[in-house]
Amino acid sequence: MGEMRVRFAPSPTGPLHIGGARSALFNYLLVRKHQGKFILRIEDTDQERSSRESEIDIMDSLRWLGLDWDEGPDVGGPHGPYRQTERLDIYRKYTEMLMDKKMAYLCYCTEEELEEQRQELKARGQMPRYMGKCYGLSEDERKKLEDEGRKPVIRFRVPENELIKINDLVRGEVNFESSGIGDFVIVKSDGIPTYNFAVVVDDHEMNISHVIRAEEHLSNTPRQVLIFDALGLKKPEFAHISLILGKDRSKMSKRHGATSLNQYKEEGYLPEALVNFLALLGWSPEGEEEVFTLEDLTSLFDLERVAKSPAVFDLEKLRWLNGVYIRKSPIDRIAGLALPYLTQAGYVGEDGANLEYIEKIVDAVRDYLGSVSEIKEHVGIFFDKELTFESEKAVDVLRGEQVPGVLDLLTKKVQNEGELTPDNTKKMIKSICKELDLGGRKVFMPVRVALTGKMHGPEMHDVIPILGGGEILRRINISLEKAGHTLDG
Ligand code: GLU
């Protein structure tokens with residue numbers, strides 16, 4: 001085999017979706033493993049729905065994931081242009097070749113006539129398809145139709161009774177009958193090629209060796225194979241990867257979670273978590289391990305372990321993986337990502353923040369995060385001016401008879417300690433247990449409730465140094481009062 005060349009060929013009709021990102025990733029992993037070339041081709045022949053904005057969004061999302069390409073509309077390359085609407089001359093050349101070979105022809109049928117033919121076939125119990133009415137029109141007939149002002153499309157002549165065999169690298173041998181297909185349009189009346197035609201010309205012209213794409217394109221493949229064959233061109237290998245389903249086994253949609261990549265970015269998912277998650281949507285390595293970097297994946301990935309059965313999108317798994325990467329990352333990175341959410345929630349002023357302080361807070365709560373945006377639900381204990389008790393049960397904890405003694409001792413220790421650190425705080429709490437001869441729970445719980453109002457949360461030895469002496473004493477007083485203990489002095 002020569003150099004491996006693969007392409008990701010999105011239609012820029014919206015932001016990059018989970019499914020598209022997964023296709024891009026599988027292409028990327030395979031080609032990086034084999035040291036080939038990754039091509040980005042923009043399939044913008046649907047001019048009404050395509051936009052530059054979507055194209056930019058797709059490229060940004062790919063870059064964010066770390067999937068860089070070797071040839072594409074922005075970086076250029078030897079087989080450009082890489083945007084289909086800029087390649088119309090190239091398609092024209094191939095259209096002429098097909099016309100010369102009588103494997104393509106002009107069709108003047110109107111929408112109404114096509115509909116009539118469809119109804120006729122249906123009435124006869126046959127599959128509606130174009131039966132070749134305009135094939136073999138004489139010069140005179142063509143001229144007459146053109147004089148009527150009709151603008152032709154170009155159709156591909158589908159051979160009859162041919163078995164089209166596709167050796168799909170994921171699905172195995174898949175066969176299609178040519179007779180079911182009907183002569184299909186390859187160039188629209190405005191001269192723009194259709195997807196099935198442009199994709200063949202481009203995959204050939206760009207020397208694509210492997211076409212890895214979503215299963216929904218499998219039904220297009222026989223049409224593409226027919227065009228490759230008609231032009232006498234070598235076909236690439238095909239690999240169709242399974243659909244992505246929601247947990248209820250219906251096709252993945254917004255109901256199952258965000259579908260576009262940038263929504264995940266906005267919600268505070270890390271690109272490495274998404275890469276890891278997407279790789280496992282339809283592929284699995286040997287063994288039980290599930291946490292992989294892009295680099296790991298590049299060496300492990302192969303098409304043999306891509307599943308035929310649909311992949312199930314499990315948002316909880318993505319949250320779990322994201323949590324793994326949130327905990328693994330340098331704290332300044334996570335704090336930097338958290339800052340906009342904290343600002344949005346009003347915890348941090350627009351004019352900036354004490355980054356060191358923010359980092360401590362983020363570090364104290366990051367174990368609880370499935371996405372960075374969730375941070376706002378965990379940091380009220382540090383930022384809220386008012387101490388609120390989460391439940392009557394929490395207040396009950398404060399009513400324990402040992403509580404005034406515990407909090408009194410804590411007050412004294414905090415006052416005597418210089419700077420509070422996680423280390424000396426741990427020691428402080430331990431010695432409270434010892435000095436008062438109390439089990440851990442009898443100390444930890446009331447301290448937690450007194451200082452945070454909550455029964456659960458981040459480690460107290462992280463919380464205490466962040467709150468600092470003054471705030472601790474203020475909260476202890478509020479808590480003692482709340483529980484009906486009389487205050488000293
Ligand atoms: N433009 C097609 C899409 O976005 C690409 C299909 C292919 O990879 O051939 O679905």
Side-chain angles (χ1 to χ4, degrees), residues 4-31 36-59 61-62 67 69 71-73 79 81-88 91 94 164 166 168-171 174 176 184-186 188 192-228 233 235-244 251-253 259-261 278 282 303 306:
M4 182 182 280
R5 291 177 57 85
V6 303
R7 84 300 194 279
F8 176 54
S11 303
T13 55
L16 183 65
H17 275 203
I18 288 287
R22 194 229 359 206
S23 295
L25 176 64
F26 281 20
N27 275 286
Y28 176 91
L29 293 177
L30 191 73
V31 85
K37 292 279 182 321
F38 185 36
I39 288 102
L40 177 67
R41 182 171 74 222
I42 299 295
E43 304 207 322
D44 58 349
T45 55
D46 183 345
Q47 285 171 305
E48 241 161 65
R49 294 174 58 226
S50 296
S51 72
R52 250 336 133 84
E53 192 192 339
S54 298
E55 183 182 313
I56 292 168
D57 177 280
I58 292 168
M59 293 207 228
S61 292
L62 291 172
L67 310 182
W69 48 95
E71 298 172 27
H79 303 276
Y82 292 89
R83 221 177 257 121
Q84 288 187 324
T85 51
E86 293 166 13
R87 301 173 58 79
L88 300 183
Y91 306 124
Y94 286 88
I164 305 154
I166 295 157
D168 191 276
L169 296 178
V170 171
R171 325 208 81 79
V174 190
F176 293 90
F184 56 91
V185 177
I186 55 173
K188 293 176 273 184
I192 306 287
T194 58
Y195 158 69
N196 276 312
F197 180 48
V199 87
V200 169
V201 172
D202 290 345
D203 285 344
H204 165 69
E205 285 266 327
M206 296 180 182
N207 285 333
I208 298 302
S209 64
H210 292 72
V211 168
I212 303 162
R213 63 184 168 202
E215 187 185 352
E216 61 206 10
H217 286 295
L218 184 60
S219 59
N220 286 317
T221 310
R223 290 176 177 79
Q224 295 170 19
V225 164
L226 287 172
I227 301 174
F228 273 111
L233 303 175
K235 293 180 279 287
E237 300 279 357
F238 292 102
H240 287 91
I241 46 184
S242 304
L243 293 178
I244 302 174
K251 195 169 183 243
M252 166 81 186
S253 72
T259 49
S260 72
L261 257 278
L278 290 170
L303 285 174
V306 172

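Here, residue 1 is the first one in the sequence, and each next residue gets the next number. Each ligand, and each atom within it, is numbered from 1 in the order the structure gives.
Around atom CD of Glu86, more than 12 heavy atoms belonging to other residues, nucleotides or ligands sit under 6.0 Å away.
Within ligand 1, the atoms closer than 4.0 Å to a non-hydrogen atom of Ser11 are 1 (N), 2 (C), 3 (C), 4 (O), numbered from 1 in the order shown. Against a heavy-atom cut-off of under 4.0 Å, Val199 is close to the following atoms of ligand 1: 9 (O).
Side-chain atoms of Phe8 and Leu16, non-hydrogen and from C-beta on, do get closer than 4.5 Å to each other. Counting heavy atoms from C-beta on, the side chains of Leu261 and Ile18 come closer than 4.5 Å. Proximity of Thr259 to Pro15: side-chain heavy atoms (C-beta onward) are nowhere separated by under 4.5 Å.
Ligand 1 lies less than 4.0 angstrom from a heavy atom belonging to Tyr195. Ligand 1 lies within reach of Arg7, whose nearest heavy atom is under 4.0 Å from it.
Checking Tyr195 against Glu43 by side-chain atom types alone, no donor-acceptor pair falls below 3.5 Å.
Of the candidates His210, Gln224, Arg41, Asp203 forms a side-chain hydrogen bond (donor to acceptor under 3.5 Å, both in side chains) with just one, namely Arg41.
With a 4.0 Å heavy-atom cut-off, ligand 1 is reached by the backbone of Pro10 but not by any atom from C-beta on.
The closest heavy-atom contact to atom 1 (N) of ligand 1, among the options Glu216, Glu43, His217, Gln84, comes from Glu43.
Checking only distances, Ala9 does come within under 3.5 Å of ligand 1, N or O to N or O.
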